[in-house]
Each structure stands twice: as C-alpha cells, then as structure tokens.
Amino acid sequence: MLNFARTRAQTRSNRSISLGGMDYSDPKRKNNVVGKILLAATLTALCIIMLKQSPTFYSPSPFSLHEEGVIHVLVTGGAGYIGSHAALRLLKDGYRVTIVDNLSRGNIGAVKVLQELFPEPGRLQFIYADLGDPKTVNIIFSQNAFDAVMHFAAVAYVGESTMEPLKYYHNITSNTLVVLEAMAANDVKTLIYSSTCATYGEPEKMPITEVTPQVPINPYGKAKKMAEDIILDFSKNSDMAIMILRYFNVIGSDPDGRLGEAPRPELREHGRISGACFDAARGIIAGLKVKGTDYKTHDGTCIRDYIDVTDLVDAHVKALEKAMPGKVGIYNVGTGKGRSVKEFVKACKKATGVDIKVDYLPRRPGDYAEVFSDPSKIYRELNWTAQYTDLQKSLQTAWRWQKSHQNGYGSPLVMAS
C-alpha cells in the first residue's frame, strides 16, 4: 500500500527549489510575508491616528505654556529656608511655581512638604539644577514659560564669606548674571531679587534708608552689591520689571508648622543666631557663643533688625504684585526696630523655656555694631508693614517646629549630578 499522506506532506514542505547552488523562493511564501507587512503598517497607521485624536496627545506640560490668569514664578533656592516659605505663600495664593535648587543648602524634605500640600497637576515642579551651569539654566528657561523670577538662591553666611570669598562671588554674583542673561534671552519680564542689608556695611547714621550709601565690609555684602549693580546696569536699557528687597535678620517659621529652618549640621557654626539658640536649648551644643561684647551699643553686643520670615515673604509677594515694566523698586524690609544680641538671647530663653548657657567671645570677622531699617518707603509704596514683630512669639513659633522635627526634614537626599 502506497503512503500518499507522507508524500503530500513532503511536497508541501518544499518551499524553495535549488538549482546549481541558487535558491528560488516560493511565490506563495513571498506573498504571505508582504501581506503581514501591509497588515502591520495598516495597524500602526490606525494607532497613530487614534493617538492623534486623543486629547492628551498634543498636550504639553502646563509649565511650558503661558496660561491666562495663571502667573508662573520660578523660585530659585526654593528648597531653602526663605525660598520654601516663599513658594508656600505663592502656591497658597494660586501661583504656578517651579523650584530650582541644587540642594547644597536647601532641603528636599521642604519640597516634599510642598508637593504633598499641592499635588494637583500644573501647580508645582522641582528641578534639581545648579545656577552656575549656564547651559542647564538656559535649557530650563527655554522649556518653561516663566512669567517672573524670585531669585533667592545664594550662600548667605557672613563668617563663611570671609573664609571662602571666591565661593560667594561665584555663587551670588556670577549666578545672578547667569539668571539675568537667561531671563533676557527668554523674554521673562519680572525679577524679584533677594538682597541684603549687608550691602550697606556699617553706616554712620541709623536707621538705614534706601539711599544710605552702600559700603559693604564683608564678601557676602560685596557679592550682593555687585549682583545689584549688574541688575541696575541691565535695567537701564531694558523694560524688565525689577524689585530689589534688602532685608535684615530673618527669624521664625510657618505659623501652621509646615516648614521651618533646618541648616546642615556642618554649617551650624555659621548659621543664624536663632538656630544656635535652639541647638543650645536642645542640647545639641553645650551653649550659645555670643561673639563680641565691646561694640558701641547700649549693652556691648550687636544690634540687629529681626524680621519674621512670614512678613518677609509677604513683602516679596507684594513686590511681585506691584512690579511695573521698565521700573526698578528698591526697598528695605525690616521692622524698623533694633534688638541687641543679649535681648535676643533673653527672648530665646523665654521662648524655649530653657536657661541656655551663654559664652561671650571676641568679635566675629566682618560683623558690624548696629543695623536696623527705616521701612517707611515699602509701607508707602507697597503698603507693606511687618505684622509679626513680637520677637519672643516668632521664636516660639520656630521652636515648636524645631521640637517636632528633631532631625529637621530628615537625612539630606544625595542627588546624582
């Protein structure tokens, strides 16, 4: 009996004919492959058409678009103490906010708090970047539709500036130039610049007004004044709206306890007196070191104008609201009342309930005896005045946050460059 089934199967499996080492494909197989290619191409085309018809296909990031009724503010240094409080206020007021910070002094924990408070799309974005990199800064500006910039990012310790002056000129002066160039190149028309009373140095007359001569005596103040000079020179041939706020010694924290001041441990020796007081109250350091008791003041210690951070960010928001194209506004932001270091320590002891040990030491390089502001111009032109003027209450607010955040915002996040 003949095996026809096997013969037929063998015949069908023969897909090509070989003649003299040459293969000739079966026409049926070739048509099958072509059909599959055409089917795949058709399906791909249909998918593309369906995607293009989707409302989200052409939807760019809301941060890259100017939107009517929405003001998009770039907050440089927005992970830092003052910058994070400013970002919080802007977000509460309905602004769209982009934070740019390299986290060298800021805290990613502060950004996370803000992200949890404002999780809605298009409200807040964080970009890890260094303002000292012009290429990166220009990319950020080209990819985002900023309406205004609040420029806080800066190293800001007087003592450290005397030991590492080049760091301060790079970080403050050079980086401000980079930001200003990027604003000009990308047609961003409003700048709120965070400056300092350190640009005045040690004036002969008190209180300090906006026309008091600027004669800074330390690299921090000099770097800030140089940055101001660059901005003012640029403004002469620009229609940019510019506000420069020179503020004094910042204290306090968010009244609702969401944000606070959490400097890195290695920077504590350079930090604000409030931080040192709290560290002494918590036993992190043995006591408080007051540097300088021979100044020409009523008790021999330095006199400063202490401004609550909540008042300070309110001044920034009012400056943003009042900024006018082609105009430059320069304002002192302070309470108009000076307090000595000894008075500050007394208030801190009452705020914390701890009898802090105090050691009196020689003067710190670059410090000046007495500085307090005349805030009448900012009241007159921006309708701003300090509301949180009780030193002890401001310290109590900050102390509550310190007690509930024993490790600050937690361990600093190490970001890859």
Side-chain angles (χ1 to χ4, degrees), residues 81-82 156-163 196-198 200-208 216-218 220-221 246-253 261 263 267-309 311-312 332-375 386 388-399 402:
Y81 169 45
I82 300 170
Y157 296 133
V158 168
E160 184 188 42
S161 78
T162 64
M163 294 184 289
T196 171
C197 66
Y200 293 114
E202 194 167 9
E204 295 179 0
K205 290 175 59 179
M206 288 291 145
I208 294 172
I217 63 173
N218 52 60
Y220 170 56
R246 298 173 184 156
Y247 47 86
F248 292 68
N249 293 63
V250 188
I251 59 171
S253 63
E261 183 179 13
L267 297 171
R268 279 196 168 104
E269 64 176 297
H270 300 299
R272 294 177 176 85
I273 185 174
S274 56
C277 278
F278 297 147
D279 285 347
R282 290 170 56 190
I284 295 174
I285 57 177
L288 183 63
K289 296 177 181 180
V290 173
K291 297 178 180 180
T293 59
D294 59 347
Y295 291 99
K296 293 180 180 180
T297 60
H298 67 275
D299 63 14
T301 61
C302 293
I303 290 178
R304 297 290 182 267
D305 190 340
Y306 296 98
I307 178 76
D308 193 287
V309 68
D311 282 329
L312 181 60
N332 290 336
V333 187
T335 64
K337 183 177 181 180
R339 310 287 184 87
S340 75
V341 171
K342 283 186 178 179
E343 290 172 331
F344 187 96
V345 172
K346 182 179 179 181
C348 191
K349 287 181 178 181
K350 289 182 178 179
T352 61
V354 178
D355 187 15
I356 300 166
K357 177 187 174 185
V358 182
D359 294 322
Y360 294 97
L361 303 174
R363 295 185 184 192
R364 181 176 63 176
D367 263 341
Y368 23 80
E370 186 177 29
V371 175
F372 62 95
S373 71
D374 175 358
Y388 296 82
T389 57
D390 187 312
L391 186 59
Q392 185 177 324
K393 286 184 179 179
S394 289
L395 292 173
Q396 284 174 334
T397 300
W399 175 240
Q402 293 286 329

Heavy-atom side-chain contact between [X] and [Y] under 4.5 Å:
{"X": "S274", "Y": "L395", "result": "yes"}
{"X": "S253", "Y": "T397", "result": "yes"}
{"X": "R304", "Y": "I251", "result": "no"}
{"X": "H298", "Y": "E343", "result": "yes"}
{"X": "D305", "Y": "C197", "result": "no"}
{"X": "K337", "Y": "T389", "result": "no"}
{"X": "Y157", "Y": "M163", "result": "no"}
{"X": "F278", "Y": "W399", "result": "yes"}

Distance only, no hydrogens: is a donor on one side chain within 3.5 Å (strictly under) of an acceptor on the other, for Y81 and R272?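 The criterion, which ignores hydrogens and geometry beyond distance, is not satisfied for R272 and Y81.
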
Under 3.5 Å side-chain donor-acceptor pair for N218 and T162: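 There is no such pair (donor and acceptor under 3.5 Å, judged by atom type) between the side chains of N218 and T162.
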
Taking every non-hydrogen atom, the tightest pair across [X] and [Y]:
{"X": "V341", "Y": "I273", "answer": "CG1-CD1, 3.5 Å"}
{"X": "D308", "Y": "S394", "answer": "OD2-OG, 2.7 Å"}
{"X": "T297", "Y": "G300", "answer": "OG1-N, 3.0 Å"}
{"X": "V290", "Y": "V345", "answer": "CG2-CG2, 4.3 Å"}
{"X": "D299", "Y": "S340", "answer": "OD2-OG, 2.6 Å"}
{"X": "G201", "Y": "V371", "answer": "O-CG2, 4.2 Å"}

Gap between atom [atom2] of [Y] and atom [atom1] of [X] - 0.5 Å precision:
{"X": "Q396", "Y": "Q402", "atom1": "CD", "atom2": "CD", "value": "14.0 Å"}
{"X": "L391", "Y": "K350", "atom1": "CG", "atom2": "NZ", "value": "10.5 Å"}
{"X": "K357", "Y": "D355", "atom1": "NZ", "atom2": "CG", "value": "11.5 Å"}
{"X": "I307", "Y": "Y247", "atom1": "CD1", "atom2": "OH", "value": "10.5 Å"}
{"X": "R339", "Y": "C302", "atom1": "CZ", "atom2": "SG", "value": "16.0 Å"}
{"X": "E202", "Y": "I208", "atom1": "CD", "atom2": "CD1", "value": "10.0 Å"}

If you draw a 6.0 Å radius around CZ in F372, do more than 12 non-hydrogen atoms from other residues or ligands fall strictly inside?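 Correct, the count exceeds 12.
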
Is the ring pair Y306/F344 parallel, tilted or perpendicular, if the boundaries are 30 and 60 degrees? tilted

Whether D311 side chain and Y388 backbone form a donor-acceptor pair below 3.5 Å: yes

